[in-house]
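See structure below.
Proteins get letters first, then strands, A, B, ... in listed order; numbering begins at 1 in each. All values derive from a computational prediction rather than experimental measurement.
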Amino acid sequence: MKKIAVKDLINVGIYTALYFLVIFLLAMMGFVPILLILGVFFEAVAGTVVYMVYLTKVEKFGMLTITGVLLGVISVLTGRPLATFVICAAAGLLADLAWKQGGYRSIFWGIVSACAMFLRIAGFELPMFFGYRDSYMESLREGYGDAYVETLLKLTPDWMFFGLIVLGTAGAIVGGIFGKKILKKHFAKVGEVCD
Amino acid sequence: MRLDPRTKLFLLIVVNIVLMMGKITGIHFWVRLTMSVLPFLLLLSVKKYKAAGIYALAYAYAMLGEGILVPKVYGAASIAFMFTTGLISRTLGGGMMAYYVLCSTTVSEFVAAMKRMHVPDQVTIPFSVMFRFFPTIREEAADITAAMKMRGIGFSLEYILVPLLMSVSKIGDELSAACMTKCLGINEERTYTVKIGFSAADVVFFTIGMAGLALYIRYR
């Protein structure tokens with residue numbers, strides 16, 4: 001297992017930044033309840049495109065785990081429950097293992113890795129389901145008003161949790177395919193393609 | 001007034017937790033108010049008057065909206081309205097706090113603080129690169145959209161993302177080269193010219209933060 005060098009750490013930093021920003025900006029759409037759900041798909045697509053380019057620079061184990069950890073730290077720093085840190089770190093680790101499994105070259109495992117990394121989103125939405133639901137909804141109600149909460153409640157029965165995961169995974173797959181196309185189309189010239 | 005980076009990070013977490021998840025009624029109102037005022041004061045202390053002013057105005061809007069109008073407005077318009085006040089009161093405080101931390105902390109201070117907290121280099125370096133990189137991404141994106149406008153090209157995900165990714169990767173290579181020339185290695189001993197440490201101001205703010213957090217937890 002090769003050691004991680006400063007060059008890799010720098011890449012971790014910049015691509016994690018881009019990945020996070022792209023998803024975050026798309027997530028701002030979440031004010032219309034239906035977009036909160038659909039947005040997950042778009043976030044996955046855009047984020048994964050970035051992720052695929054990032055993967056071309058990742059050739060050592062641990063880099064993706066660090067990405068997960070970083071994303072987890074940001075989540076906690078922006079006020080989400082501490083559990084999200086664990087989820088993000090775990091997602092990062094899974095993503096790392098998947099990419100390693102693909103020998104740092106296989107597109108298939110690259111996409112699996114992207115799905116794993118995106119799974120952290122599932123952690124964010126946890127408050128909406130499974131028992132935390134009521135107190136979270138109550139606090140939302142006071143801030144956002146009844147109309148918003150009612151619509152949200154209608155759209156998110158417990159099974160929607162899995163719906164979100166499906167959406168995220170689907171988006172990641174789409175993003176992965178786009179990413180691969182973009183890599184071939186634009187980056188081939190610069191010699192950065194991974195097959 | 002200088003605050004140790006560690007205190008700032010602690011405050012950042014507290015402000016975000018209290019503002020995002022707190023309720024509006026009862027004691028929470030006062031706790032949240034205090035926590036919201038905190039970033040305002042801190043922004044003033046680093047002379048970011050414009051940001052502080054915008055924050056104050058936006059927050060006043062949100063507070064008035066939430067307090068007076070939430071019970072009274074219904075219908076489709078109410079969703080949009082409700083959203084803005086809710087969003088502002090929940091996230092603007094945290095955002096401003098983050099802005100303050102970013103503005104008032106130099107990269108050296110930040111790295112030094114991380115080392116003091118025994119955070120491994122493998123995390124510190126990417127972390128600081130990330131934060132230093134956010135503004136850079138914004139600049140690059142602005143340049144790219146400007147270039148697109150000049151050529152009259154429409155908005156498309158690909159047209160923005162691809163140049164962004166290419167320039168990002170180039171910047172990454174340049175950064176690594178720069179780091180090598182500065183002998184930045186992993187877990188190598190480094191000399192710091194920056195002084196960090198806890199002062200009286202830190203104790204004050206830390207206590208405020210702790211109090212806010214404790215009250216929030218106690219009365220949940």
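Only the side chain of Ile66(A) has a heavy atom closer than 4.5 Å to any heavy atom of chain B. Looking at Ile137(B), the atoms closer than 4.5 Å to chain A (heavy atoms on both sides) all sit in the side chain, from C-beta outward.
Annotation: Phe10(B) is not in aromatic contact with Phe205(B) [ring centroid separation under 6.0 Å not met].
Listed for the Trp99(A) side chain is no donor-acceptor partner under 3.5 Å among the backbone atoms of Leu64(A).
With sequence neighbours excluded, no residue satisfies ring pair (Phe, Tyr, Trp, His ring centres under 6.0 Å) with Tyr99(B). Checked against side chain to side chain contact (heavy atoms under 4.5 Å, CB included), Ala58(B) has the following partners two or more places apart in sequence or in another chain: Ile88(B), Leu92(B).
For the set Val50(A), Val69(A), Leu18(A), Asn11(A), the entry with the most heavy-atom pairs within less than 4.5 Å of chain B is Leu18(A).
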